[in-house]
Amino acid sequence: MYKGSGVVQRIQRTRLEQIDTLLVVGSGKGGVGKSTVSVNLAVALAHQGLRVGLLDGDAYGPSVPMMLGVRKRTTSKGAEAVLPLAERQELPREKKLQPLVRYGVKIMSVGFFIGEEQAVAPMPDVLGMLIRQLLHSVDWGALDYLLIDLPPGTSEPQATLCREIHLDGAILVTTPQDIARIDTAKALAMFQQSRVPVLGIVQNMDGFLCPHCGGQVDIFPRSQEARSALDTLPVLGRIPLDPAAVVSGDKGHPVIISLPDSPVAQAFMLAGQQVVSLIHQRQNPPSQNPGASEGIIEEKTEHDRED
Ligand SMILES: Nc1ncnc2c1ncn2[C@@H]1O[C@H](COP(=O)(O)OP(=O)(O)OP(=O)(O)O)[C@@H](O)[C@H]1O
Ligand SMILES: [Mg+2]
């Protein structure tokens, strides 16, 4: 645990060798659009010519394969693989799992190892290990960005990832109403306590654009809860509510592909640009004194940590 200012604590987190920027997409709240944001953001980044991967870390309801129109039975060798969860060595390349590639994005899902229709998901702490192992066992190659779509919540697998893996940033997703913002603020606190930089927030379902008159309708009442901590975060995007986003997701063609000129798709493209710009600023700070105020020494290890 971090012990406060002035106390330097040694945190040992694994940094993935070939991944420039590792981001998690999360929210304390379920159903706010984390997977929709992850998928469309990943494709938006790939559209910018970046090398992008997407790891679906939601074993309770893996949505990424469906939203991208991939199924394990047809395409993934990963389905038959046995993951050595206790094994902390880097696998030789020939033993690594090949990700699927869709719309220029390399994809892997924990769902491939569980079964889409299976009712029983792994214990939460096992899920953390599974995600960690997939980060190492998939042949991602060199990537500019790897996004992890997290399940809802603020306990596991989030805690395992924050503790063991060097995360370059967290993207929070929320919808406008109180109940979502309250849970998203919990996720913000969790990342801050774990010293994971929160890159910004995506405001999803932020108004509905009437297809008839073009006016904006606020479907969800604006939050009356202060939750001012959320208001201090950079807004990465305001994504309107659009039924086309649902249909496109269900059919395996994210809206950014199926309706690239729609306001929703445009908002995702802008969010992608925002992410790249913020990461660039973080990686090239104006003053050359990185981490001085953090009181943390991050140890960069090439492979898994040794306990
Ligand atoms: N901007 C939007 N407009 C319309 N529908 C949307 C939008 N964003 C998400 N949805 C729809 O809302 C539903 C939930 O979205 P999604 O699965 O991305 O949420 P989630 O936060 O990942 O959920 P979970 O917590 O279950 O993982 C989906 O049917 C999705 O298509
Ligand atoms: Mg999801």
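Both counts, for ligands and for their atoms, begin at 1 and track the order of listing.
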- Task: Looking only at non-hydrogen atoms, find the nearest pair between S109 and D56 and report the distance.
- Result: OG-OD2, 3.0 Å

- Task: First locate atom CD1 of I239, then atom CD of Q266, and finally report the distance between them rounded to the nearest 0.5 Å.
- Result: 11.0 Å

- Message: Taking non-hydrogen atoms within less than 4.0 Å of ligand 1, which protein residues qualify?
- Response: G30, G31, V32, G33, K34, S35, T36, D58, M67, P152, N204, M205, I239, P240, L241, D242, A245, V246

- Message: Please determine whether residues L50 and I279 belong to a single hydrophobic cluster, defined as Ile, Leu, Val, Met, Phe, Trp and Tyr linked transitively by side-chain heavy-atom distances below 4.5 Å.
- Response: yes

- Task: With rounding to the nearest 0.5 Å, note down the distance linking CH2 in W140 to CG in L16.
- Result: 10.0 Å

- Message: I'd like to know if the Mg ion (ligand 2) has an N/O/S atom from S35 within less than 2.8 Å of it, counting both backbone and side-chain atoms.
- Response: yes

- Note on the structure: Heavy-atom closest pair (T154 atom, M190 atom, distance to 0.1 Å) is O-SD, 3.4 Å

- Message: Just by distance, no angles: are the side chains of D168 and T21 close enough, under 3.5 Å, to form a donor-acceptor pair?
- Response: no

